Amino acid sequence: MKRKPSLSILLTLGSVVCLAGAVTYNVSQMGGANKKSQPKIPAQLSTEIRAAQAPSVVVVEAKAGQYQALVKGYGEAQARYAISYAAEVSGRVKSIMSGFESGKLVKKGEQLAEIENISYRQAVAEAKSNLAQAELDLLEEQRTGEQALIEWQRSGLSGEPSSPLVLRKPQLAAQQAVVENAQYSLHKAQQDLHKTVLRAPFDALVVARHIQPGSYLQAGSTVAELYSTDRVEVEIPLSAQQWQNLPRLSNSELSEKAAAKWPVMLYSSDGSASWQGYVIRVEQHVDSTSRQRSLIVAVDQPFQAEVSLFPGTFVEAHIAGATLDNTWKLPASAISQQGEIWFIDDNNQLNKVAAKKVFENAGSVYVRAIADLASVKIIKRPLSSYIVGMLVTPKVEG
């Protein structure tokens, strides 16, 4: 016999169902009330809110202008002439002058050292004797020839002799050659004697001396290392881009325009010294290793400058270049690590373009202006997080 559920259980289940329905109704009513209470934001107000929330960026006004390019290069100062000065005759070193020491400057023609010359004096005397004898023999041969001619004329024979030996013409020519040879022998002996005195071939710096008093020299032995002091030259390798920023001048034009020299400033590696130089010539070949072409800069009288420019000094060259049109002058920081320029369009949105860098100078970089943008706001310090189209608030730097 089945038992019917009790009245209390039925009442409890009914209460639960009513309570669940009431809760569901209230939640649905509250949701509808919230949707009705949210106001609709106008589109213009939304844009203003976005602009207010846009990050601020520092910009600089860039205007296309005309600037003179500055090309920078590096090189080592070298003496115009650098030679290993060698003896031309053999002998023992008799004496060395006090000024012939490494580090000292000597004038052209100044005596450096002397080689014992007794054998060379004897050679000169012998050559003089040989020349005198040859000249005497020539006079005798001339007299003999004249006598032969007289005898031929007295013979009554007509025409020329059957052999030139009759009038001694070959003998005379041979003796004239002997005299000429004796003259050259004397000249050479005198030159050798003159070369026993070693003299500076040009105004020079003595870099090293390789002889001592009593040293024996063979012809060709190195006496000293000498650097000329009238001028130093610096070879500056330049890239193809750098050559495009320089005036187009040939070596012949550089020679013709000596009065208006192409100026170049040279600076020491630490920037403590500077020298005024000029372009003396341009190389007409590309180095097979560096694939660059060089420009040669000269500095006259480098040892007479306020700070001497010594051969071997590494320098930075600042070369005055051509005048460039349609160029922007920007802070160096305006170029991103990717080599790009970030700028702001008319809607205050970010955009970017590859930088066509021309040259740099004193913390500024000069780039080709963007086409159709004579004036534009450039981001001074672009960040890696920037995105094209991103809305920003520009602050122009004064």
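Small disclaimer: the values here were computed from a predicted structure and weren't measured.
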Subject >> Test item: W152 and L167 side chains (from C-beta on) under 4.5 Å apart, heavy atoms >> reply: yes
**OP:** Examine the side chains of Q292 and S239 and answer whether a donor and an acceptor come within less than 3.5 Å of each other.
**Re:** no
**OP:** Might you work through the side chain to side chain contact (heavy atoms under 4.5 Å, CB included) test for T229 and Q301, ending with a clear yes or no?
**Re:** CA-CA 6 Å; T229 59; Q301 304 301 329; 5.7 Å; no
Subject >> Full working for side chain to side chain contact (heavy atoms under 4.5 Å, CB included) between W262 and V297 >> reply: CA-CA 9 Å; W262 184 354; V297 176; over 6 Å; no
Original post:
Would V279 and I296 satisfy side chain to side chain contact (heavy atoms under 4.5 Å, CB included), going step by step from the backbone distance to the final call?
Top reply: CA-CA 6 Å; V279 176; I296 310 301; over 6 Å; no
Original post:
Hey, what do you get for CZ (R209) to OG (S102), rounding to the nearest 0.5 Å?
Top reply: 8.0 Å
**OP:** State, yes or no, whether a side-chain contact exists between L172 and Q142 at a heavy-atom distance under 4.5 Å.
**Re:** yes
Subject >> Sidechain-backbone polar pair: D203 side chain, K108 backbone, donor-acceptor under 3.5 Å >> reply: yes
Subject >> Minimum heavy-atom distance A334-L330, with the two atoms named >> reply: CB-CB, 4.2 Å
**OP:** Drop me the distance from T327's OG1 to Y67's OH, to the nearest 0.5 angstrom.
**Re:** 8.0 Å
Original post:
Taking all atoms of both residues into account, what is the closest heavy-atom pair of A298 and R231, and its distance?
Top reply: CB-CD, 3.6 Å
Subject >> Pair Q242, Q244: side-chain N/O donor-acceptor within cut-off below 3.5 Å >> reply: no
Original post:
Does any non-hydrogen side-chain atom of Y267 lie less than 4.5 Å from one of V315?
Top reply: no
Original post:
Roughly how far, to the nearest 0.5 Å, is CG of D346 from NZ of K377?
Top reply: 8.0 Å
Original post:
Does A125 offer a backbone N or O that forms a donor-acceptor pair with the side chain of S129 under 3.5 Å?
Top reply: no
Subject >> Min side-chain heavy-atom separation V178-N181 under 4.5 Å >> reply: no
Original post:
What heavy-atom pair brings K104 and S98 nearest, and what distance separates the two atoms?
Top reply: NZ-O, 3.5 Å
Original post:
Between the side chain of N245 and the main-chain N/O of V71, is any donor-acceptor distance below 3.5 Å?
Top reply: no
Subject >> Presence of salt bridge, K352 and E340, under 4.0 angstrom >> reply: yes
Subject >> Contact summary for A69 and F359, nearest pair of heavy atoms >> reply: CA-CE2, 3.4 Å
Original post:
Quick one: does N251's side chain have a donor or acceptor within less than 3.5 Å of a partner on V282's backbone?
Top reply: yes
Subject >> Closest contact, heavy atoms only, Q349 versus G389 >> reply: NE2-O, 3.3 Å
Original post:
If you round to the nearest 0.5 Å, how far is CD of Q171 from CG of L165?
Top reply: 5.0 Å
Original post:
Quick check: does any side chain N or O of R248 sit under 3.5 Å from a backbone N or O of L246, one acting as donor and the other as acceptor?
Top reply: yes
**OP:** State plainly whether the residues R199 and E110 are in salt-bridge range, i.e. N to O under 4.0 Å.
**Re:** no
**OP:** Describe, in one word, how the ring planes of Y74 and F314 are oriented to each other, choosing from parallel (under 30°), tilted (30 to 60°) and perpendicular (over 60°).
**Re:** parallel
Subject >> Partner of Y85 under side chain to side chain contact (heavy atoms under 4.5 Å, CB included), chosen from L226, V206, T222 >> reply: L226
Original post:
Does the side chain of V124 reach to within under 4.5 Å of the side chain of L186, using non-hydrogen atoms?
Top reply: yes
Original post:
Going by an N to O cut-off under 4.0 Å, is there a salt bridge joining E141 and R143?
Top reply: no
**OP:** Go through the steps to decide whether V57 and W342 satisfy the test side chain to side chain contact (heavy atoms under 4.5 Å, CB included), and finish with yes or no.
**Re:** CA-CA 11 Å; V57 295; W342 287 83; over 6 Å; no
Subject >> Salt bridge present between R291 and D287 (N-O < 4.0 angstrom) >> reply: no
Original post:
Is the backbone N or O of L295 less than 3.5 Å from a side-chain atom of R281, with the two atoms forming a donor-acceptor pair by type?
Top reply: no
**OP:** Could you tell me whether R92 and E116 have a side-chain N and a carboxylate O separated by less than 4.0 Å?
**Re:** no
**OP:** Please determine if R368 forms a cation-pi arrangement with W328, meaning its NZ or CZ atom is less than 6.0 Å from the six-membered ring centre and no more than 45° off the ring axis.
**Re:** no
Original post:
Looking just at side-chain N and O atoms, do T323 and Q68 make a donor-acceptor pair shorter than 3.5 Å?
Top reply: no
Subject >> Whether S228 side chain and A79 backbone form a donor-acceptor pair below 3.5 Å >> reply: no
**OP:** Rounded to the nearest 0.5 Å, what's the gap from NZ on K380 to OG on S333? Could you check?
**Re:** 6.0 Å
**OP:** Please confirm whether the backbone N or O of I211 pairs with a side-chain atom of S215, one donor and one acceptor, at under 3.5 Å?
**Re:** no
Original post:
Is there side-chain contact between L324 and Y366, with at least one heavy-atom pair below 4.5 Å?
Top reply: no
**OP:** Report the relative orientation of the aromatic rings in F202 and Y81; use parallel for angles under 30°, tilted for 30 to 60°, perpendicular for over 60°.
**Re:** tilted
Original post:
What do you reckon, is CD of E306 surrounded by more than 12 foreign heavy atoms closer than 6.0 Å?
Top reply: no
Subject >> Side-chain touch F303/L205, heavy atoms, less than 4.5 angstrom >> reply: yes
Original post:
Can you tell if the side chain of N348 reaches within under 4.5 Å of the side chain of T393, non-hydrogen atoms only?
Top reply: no
**OP:** Give, for atom CH2 of W275 and atom OG of S268, the distance between the pair rounded to the nearest 0.5 Å.
**Re:** 5.0 Å
Original post:
What do you reckon, is OH of Y227 surrounded by more than 12 foreign heavy atoms closer than 6.0 Å?
Top reply: no
**OP:** Assess whether atom NE2 of H210 is packed by more than 12 heavy atoms of other residues, nucleotides or ligands within 6.0 Å.
**Re:** yes
**OP:** Locate the shortest heavy-atom distance separating Q176 from L138; write the atom from each residue and the value.
**Re:** CG-CD1, 3.4 Å
Original post:
Without hydrogens or angle criteria, can the side chains of Y278 and D300 be said to hold a donor-acceptor pair below 3.5 Å?
Top reply: yes
